There are 2 protein chains.
Amino acid sequence: MEKPLSGAEVTRVTLVESAIRLFGERGYDAVSTRDIADLAAANIGSIAYHFGGKPGLRRACADYVIANVRSTLGTSFLKPTDNMSPADALACMEHSIGAFCHFWLANRESQHFVHFMLRELLDPGEVSELLYANWMKPMHMRFCLLFGLATGRDPCSEEVKIAVFSCVGQVFHFRVAKPLIMRRLDWDVMGPEETERLCKRLVMHVGALVAAYKGGA
Amino acid sequence: MEKPLSGAEVTRVTLVESAIRLFGERGYDAVSTRDIADLAAANIGSIAYHFGGKPGLRRACADYVIANVRSTLGTSFLKPTDNMSPADALACMEHSIGAFCHFWLANRESQHFVHFMLRELLDPGEVSELLYANWMKPMHMRFCLLFGLATGRDPCSEEVKIAVFSCVGQVFHFRVAKPLIMRRLDWDVMGPEETERLCKRLVMHVGALVAAYKGGA
DNA sequence: GTCTATAAACAGATAGAC
DNA sequence: GTCTATCTGTTTATAGAC
């Protein structure tokens with residue numbers, strides 16, 4: 001599992017990580033290639049050499065982020081669903097949503113990735129396509145399957161798809177509006193205690209939605 | 001109620017509306033003042049004359065959007081809450097959330113404003129401060145009051161604040177990821193029928209959350 | 001108030017030395 | 001592979017004619 005990187009690979013990775021950070025903080029268009037090279041302690045020419053140009057670096061960032069998300073969150077999605085009872089499915093879904101909450105809101109190392117993804121989601125283009133196909137869609141399908149099993153409804157139905165979007169949407173929003181939400185909650189920092197309380201609440205909300213769809217209309 | 005605008009005022013408003021549209025579509029940094037002047041059929045110099053520069057135009061856009069949101073959505077927030085029963089409070093909240101959904105997702109004229117606000121929300125700065133103080137915070141406080149009345153809980157408690165953020169967060173998310181969500185739902189367009197079904201679901205989810213907080217922990 | 005010309009700074013891409 | 005110098009186009013801001 002050791003991976004001794006060559007000098008060139010170090011430069012590549014450092015450029016990508018610096019770019020993800022700056023793209024996430026300021027947005028793709030607001031960041032110059034000079035800023036990225038400076039943060040990575042590389043020269044401007046290296047971006048053209050390694051990635052062909054700024055758009056190529058953007059794609060490389062997307063690939064890097066997707067690989068990271070899948071390796072971090074992927075394990076939560078492997079449990080086979082054969083013969084799962086509704087209660088099991090709910091428990092499995094709550095566990096996965098909890099992992100997603102921690103990745104999305106708490107894990108400090110992932111915050112640059114998350115901010116990068118959020119910004120790209122607002123910009124229809126090649127990167128948002130990659131994010132959808134390689135991450136959002138598989139995650140959503142998995143949650144639909146579990147939501148369907150937990151409520152006894154068709155996992156492919158519109159109602160289930162919309163409900164699942166609401167489940168993940170609430171989590172997204174706490175990241176989008178994080179600074180404003182923290183102010184409203186009188187939180188100076190979002191430390192481990194705060195994120196723990198928050199994640200528990202969000203998981204509970206998923207349970208409330210499952211309960212509502214399990215019962216009536 | 002008529003408001004005959006002078007020539008200069010027409011230029012001002014046209015510039016602001018063009019800027020909101022372009023800022024929303026591409027982001028503040030990706031739009032040049034030339035693009036804005038072209039779309040407004042004005043000359044570049046007029047931006048400096050009327051707003052002092054690009055940042056001044058951005059502020060003017062924020063003011064314009066906030067005024068529009070408040071006049072469109074404000075009426076839903078006026079009903080006095082004295083002696084409201086829990087059922088009344090829930091009905092009132094569902095009505096207001098429904099109005100918010102329609103503004104945020106369905107109303108075609110408001111889509112430029114919504115996209116502008118979403119992008120600014122991701123950028124901590126002067127504009128996001130204005131949006132928070134003049135729109136998000138008042139709306140959130142109103143919903144917390146109603147949620148507290150509907151569930152019998154303290155409207156100022158952390159749990160209520162978080163629950164309300166989840167309620168509005170789900171709505172936000174359907175706008176943030178709209179193109180990807182439409183694809184997942186196999187919707188070619190988000191027309192009146194689709195938005196109607198969607199808004200009804202989102203209102204229902206709010207009811208589910210109220211029910212959960214009304215009952216147990 | 002409107003419009004044009006221009007300045008000064010900055011962008012991304014590239015050629016070539018090492 | 002790395003780094004520097006430079007090219008070409010574009011940015012915002014401004015000065016001044018009308």
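Order of the sequence lines fixes the chain letters, A, B, ..., with proteins taken first and strands second; residue numbering starts at 1 for each chain. Hydrogens, waters and symmetry mates play no part in the numbers below; they use all other heavy atoms, side chains included. Since we're looking at a predicted model, the values are computed, not measured.
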Rounded to the nearest angstrom, tell me the gap between atom [atom1] in [X] and atom [atom2] in [N].
X	N	atom1	atom2	value
B:Ile44	C:dT2	CD1	P	14 Å
A:Asp29	D:dT10	CG	P	15 Å
B:Arg12	C:dG1	CZ	C1'	13 Å
A:Leu22	C:dG12	CG	C1'	16 Å
A:His50	C:dA13	NE2	C1'	16 Å
B:Ile47	C:dC3	CD1	C1'	13 Å
A:Leu15	C:dG12	CG	P	14 Å
B:Phe51	D:dT14	CZ	P	16 Å

Considering only side-chain heavy atoms of [X], which listed nucleotide, [options], is closest?
X	options	value
A:Arg34	D:dT11, D:dT6, C:dT2	D:dT6
A:Asn43	C:dG12, C:dT4, D:dT4	D:dT4
B:Tyr49	D:dT4, C:dA13, C:dG1	C:dG1
B:Ala8	D:dT2, C:dG1, C:dA13	C:dG1
B:Ala48	C:dG12, D:dT14, C:dT14	D:dT14
B:Pro55	C:dG12, D:dA13, D:dT14	D:dA13

Just wondering, more than 12 heavy atoms not from B:Met190 lying within 6.0 Å of its CE?
->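 Counting other residues, nucleotides and ligands, CE of B:Met190 exceeds 12 neighbours.
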
Go through the steps for B:Arg21 and B:Glu25 under the test salt bridge (Lys or Arg N to Asp or Glu O under 4.0 Å), then give the verdict.
-> CA-CA 6 Å; B:Arg21 178 164 167 177; B:Glu25 285 173 0; 3.6 Å; yes

Contact class for B:Ser46 vs. all strands (heavy atom < 4.0 Å): base, sugar-phosphate, or nothing?
->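 Nothing: the residue B:Ser46, judged by heavy atoms under 4.0 Å, touches no strand.
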
Just checking B:Val31: base, sugar-phosphate only, or nothing, at a heavy-atom cut-off of under 4.0 Å?
->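 The residue B:Val31 makes sugar-phosphate contact but no base contact.
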
Does B:Glu126 reach the main-chain N or O of B:Arg59 with its side chain, forming a donor-acceptor pair under 3.5 Å?
->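 It does not hold such a pair.
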
Salt-bridge present (B:Asp29, A:Arg26; N to O < 4.0 Å) =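 Answer for the salt bridge query: no.
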
Does the pair A:Glu193/A:Arg197 count as a salt bridge with the N-to-O cut at 4.0 Å?
->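 Salt bridge between A:Glu193 and A:Arg197, a charged N being under 4.0 Å from a carboxylate O: no.
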
With respect to the phosphate group of D:dT2, does any side-chain polar atom (N or O) of A:Thr11 fall under 4.0 Å of OP1 or OP2?
->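 The answer is yes; a side-chain N or O of A:Thr11 sits under 4.0 Å from OP1 or OP2.
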
